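In what follows, residues are counted from 1 in the order of the sequence shown. It should be emphasised that the depicted structure is a prediction, and the values quoted were computed from it without experimental measurement.
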Amino acid sequence: MKKFLATVLVLSAAIAATAITQVETRFDYFKASGKPSVAKKYQLQKQPDGAMRLHIPVCDIPRATKQILLTADEFTANKGDDGYFIVPNVDFGYRGFFKYDNGRSLYDLQMAFWGVKSPKGTYVAIAKGLQLEARVILEAVNGVHKLSVRYDISRIDFDPYEDIVVDFYKLEGKDADFVGMAKKYRKYMLDSGAVVPLKERVKNNPTLQYTVESLFVRIKMAYNKRPKNNISANDPAWDKMEHELNIVHTFDSFMDILRKMNEAGVGKADVCFVGWQVNGFDGYFPDLFPVEERLGGEAKMREAVKLGKSFGYHMTTHINNHNMYKRAKRWSLEDVCKNRKGEPRTYVVWPGGQAYHTCFQTICDRYMDSDIAHLKDIGMNAPQHVDVTSAIRPTPCCDPLHPNNRKEMAQHQIRLGEKYHKAFGGFTSEAGYDHVAKILDYALYTSRLDFTKRMSKKRYEKAMTTPELLPIWQIVYHGIILSNIDWDTIDAYLKPKGDTARLKLIESGSRPTFYWTDYKKPSVIDGIAEAWRDYQKMSYLQYEFMDRYETIAKDVVLVGYSDGSEVVVNYSDKPFEYGGKSVGARAFELFPAKSNAQN
């Protein structure tokens with residue numbers, strides 16, 4: 001009888017975890033069309049790599065379509081079931097447990113995959129067509145949880161430009177978890193040629209090799225203050241005001257920081273001027289020049305660059321190719337991004353005023369070449385840091401002079417990155433949206449959990465993913481793109497030893513990054529020097545894939561790399577024994593692969 005029951009349980013599990021064969025879709029149409037929503041079932045087709053493919057050709061998408069929703073029974077679960085959904089996003093955490101009675105939350109995709117682990121099996125879906133238009137919905141109704149994917153056809157602003165293609169993979173054994181999901185997506189990105197490992201990319205790029213081996217030190221110099229009155233950013237008076245400039249550092253005090261870093265023994269750093277341009281941080285883009293005179297002007301900036309390079313540091317600037325302001329001298333209504341009505345697309349309001357989305361085609365064709373030439377003449381020699389580019393989905397432009405759908409705009413962003421690669425050896429940005437993964441060398445952060453909580457508490461509380469800092473982005477891209485895992489792990493080495501942010505930085509294989517500090521306390525230089533000492537031992541791991549992520553004891557995490565190296569991070573208050581070593585309480589230990597241990 002026991003043998004019979006065991007057999008039934010095994011068979012039941014095998015049946016429950018079969019490959020996905022069918023996806024349900026719902027086509028919603030505009031009310032003006034008079035057409036009711038239509039439900040369709042698509043049979044999936046098996047692919048040579050074992051995937052089951054959903055394929056919806058453009059010709060099957062009527063022009064009256066507002067949105068298309070995809071669901072599959074395998075992406076449903078009941079409250080209390082073991083498992084979780086995985087939704088790559090920047091703001092709310094990647095993993096959603098089945099713990100709700102009711103709720104709903106919508107996510108932009110940072111990477112083009114989503115997954116589920118439940119009693120029905122473990123599956124990962126990879127979007128391979130029209131993925132820039134896809135968003136994920138998590139919802140629970142009376143305890144029944146569901147992950148759906150919505151393609152916002154009406155927001156394309158053009159005809160759909162490619163077929164909807166999604167490949168579903170069933171994961172088994174040791175791959176049946178979020179690590180396996182991330183590794184499956186990494187394999188797809190590598191096999192498709194979308195990305196190339198760092199080991200290969202540094203072979204003919206000594207600048208990038210230096211970046212891999214260096215800290216990132218960003219020094220904010222000045223920023224605009226918002227006007228004290230309640231004047232609107234769209235009021236013409238805003239653009240006539242002389243905005244007050246909050247000066248944090250001049251080029252002279254910037255040079256003092258460089259000298260202190262050098263005296264403290266910091267050997268390698270990409271040092272970034274932030275808020276150096278006319279009117280400081282978030283000043284009047286697309287204008288960069290003249291260099292802000294109140295900081296010392298271009299002559300002093302050249303002096304600072306020369307000094308930094310004399311210490312062996314590489315020098316770069318923070319710029320923004322995404323925003324345009326009306327008060328900029330280079331403002332052009334012809335060149336800015338437009339909506340379907342022909343109106344400039346608004347972004348957000350910064351102290352410089354209402355920011356507008358740029359069209360990256362016009363930025364590439366009409367603006368950046370002269371900026372690059374000027375920056376090179378000043379002496380910049382590190383990867384160019386460009387704000388926003390990888391922090392949001394690309395925005396379509398409907399201007400008839402330079403029309404671009406979202407995919408075409410992403411291609412212009414890649415073209416922008418390629419120009420910076422050619423000029424400065426690399427391109428860096430923030431948040432890690434991977435439509436520019438092909439040319440991205442470093443992401444300033446790949447998550448902003450606590451920042452989102454501070455800025456949008458209601459959205460944060462309604463999210464159906466858990467605000468835990470899992471290195472899923474790093475499992476995909478470590479060894480391919482450098483990163484810092486979170487907004488709050490910037491300046492981690494300025495926090496006490498044992499602080500969670502410091503341990504998370506190590507756990508995630510992050511590149512130590514400094515930015516939020518004003519660099520005015522001696523302890524800041526001490527923290528940078530300590531980060532440098534630790535990073536010299538750890539930086540070789542940047543060339544390796546992150547292949548294992550395991551909780552090996554309560555509050556103890558093991559991260560395994562493709563060369564065999566391991567890092568054990570102990571978040572507990574007691575020492576932990578591993579590999580013949582004692583890993584201290586609230587500390588970490590590197591266990592190099594034998595080949596590295598002997599070097």
Is the [X] to [Y] ring centre distance short of 6.0 Å?
X: Y356; Y: W331; value: yes
X: Y442; Y: F216; value: yes
X: Y185; Y: W114; value: no

Between [Y] and [X], do the side chains contain a donor N or O and an acceptor N or O under 3.5 Å apart?
X: Q474; Y: T446; result: yes
X: Y367; Y: T358; result: no
X: S154; Y: Q67; result: no
X: Y420; Y: N321; result: yes
X: R511; Y: S214; result: yes
X: T513; Y: Y515; result: no
X: T211; Y: D270; result: yes
X: D441; Y: T428; result: no
X: T362; Y: D335; result: no

Give a yes or no on whether a salt bridge exists between [X] and [Y], defined as a side-chain N under 4.0 angstrom from a carboxylate O.
X: K341; Y: E343; answer: no
X: D488; Y: K453; answer: no
X: K329; Y: D287; answer: no
X: R415; Y: D365; answer: yes
X: R330; Y: D371; answer: yes

Ignoring hydrogens and angles, tell me if any N or O in the side chain of [X] forms a donor-acceptor pair with the backbone of [Y] under 3.5 Å.
X: H421; Y: I439; value: yes
X: S483; Y: A443; value: no
X: R294; Y: G280; value: no
X: D491; Y: W516; value: yes

Subject >> Verdict with reasoning, T207 to N381, per side-chain contact (heavy atoms from CB on, under 4.5 Å) >> reply: CA-CA 8 Å; T207 299; N381 66 337; over 6 Å; no

**OP:** May I ask you to check whether over 12 heavy atoms, not counting those of E418, lie within 6.0 Å of atom CD?
**Re:**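 Check passes, neighbour count above 12.
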
Subject >> CZ/R345: more than 12 non-hydrogen atoms of other groups inside 6.0 Å >> reply: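 Yes, because the 6.0 Å sphere around CZ of R345 holds more than 12 heavy atoms from other groups.
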
Using a 4.5 Å cut-off on heavy atoms from C-beta on, say whether the side chain of [Y] contacts that of [X].
X: T389; Y: L440; value: no
X: V349; Y: Q354; value: yes
X: R340; Y: C398; value: yes
X: Q110; Y: S447; value: no

**OP:** Determine, stepwise, if the pair Q384 / L375 fulfils side-chain contact (heavy atoms from CB on, under 4.5 Å).
**Re:** CA-CA 10 Å; Q384 182 63 57; L375 290 168; 3.7 Å; yes

Looking only at heavy atoms, what is the nearest atom pair of [X] and [Y], with distance?
X: I247; Y: L295; value: CG2-CD2, 3.8 Å
X: F75; Y: A125; value: CZ-CB, 4.4 Å
X: I475; Y: M546; value: CG2-O, 3.6 Å
X: D486; Y: R448; value: OD1-N, 3.4 Å
X: V196; Y: I480; value: O-CG2, 3.7 Å
X: P403; Y: E408; value: O-OE1, 4.0 Å

Original post:
Only one of F289, F254, Y223 clears ring-ring contact (aromatic ring centres under 6.0 Å, His included) with W276; which?
Top reply: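 Option passing the ring-ring contact (aromatic ring centres under 6.0 Å, His included) with W276: F289.
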
**OP:** Determine the sole option in V149, T25, I68, D60 for which the side-chain contact (heavy atoms from CB on, under 4.5 Å) test with I164 is passed.
**Re:**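 Among V149, T25, I68, D60, the one meeting side-chain contact (heavy atoms from CB on, under 4.5 Å) with I164 is I68.
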
**OP:** Could you point out which residue of D167, D163, D191 forms a salt bridge (Lys or Arg N to Asp or Glu O under 4.0 Å) with K128?
**Re:**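 Result: among D167, D163, D191, D167 is the only option passing the salt bridge (Lys or Arg N to Asp or Glu O under 4.0 Å) with K128.
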
Check whether [Y] forms a cation-pi arrangement with [X] (NZ or CZ under 6.0 Å from the six-membered ring centre, at most 45° off the ring normal).
X: K220; Y: F281; value: yes
X: K376; Y: F424; value: yes
X: K407; Y: Y161; value: no

Original post:
Restricting to pairs with a member in residues 377-395, which pass salt bridge (charged side-chain N to carboxylate O under 4.0 Å, His left out), not counting sequence neighbours?
Top reply: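 Listed once each, the pairs are R302-D377.
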
**OP:** Look at the aromatic rings of H322 and H357 and report parallel, tilted or perpendicular, splitting at 30° and 60°.
**Re:**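 Ring orientation of H322 relative to H357: perpendicular.
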
Original post:
Who pairs with A437 by side-chain contact (heavy atoms from CB on, under 4.5 Å), at least two apart in sequence or on another chain?
Top reply: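 For A437 the side-chain contact (heavy atoms from CB on, under 4.5 Å) partners, ignoring immediate neighbours, are M189, V195, D434, Y477, I481.
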
Original post:
Hey, mind stepping through R150 and L106 against side-chain contact (heavy atoms from CB on, under 4.5 Å) and telling me if it holds?
Top reply: CA-CA 9 Å; R150 189 180 78 194; L106 177 67; 3.7 Å; yes

Subject >> Pair R327-N279, side-chain contact (heavy atoms from CB on, under 4.5 Å): steps then yes or no >> reply: CA-CA 11 Å; R327 71 182 297 165; N279 287 103; 6.0 Å; no

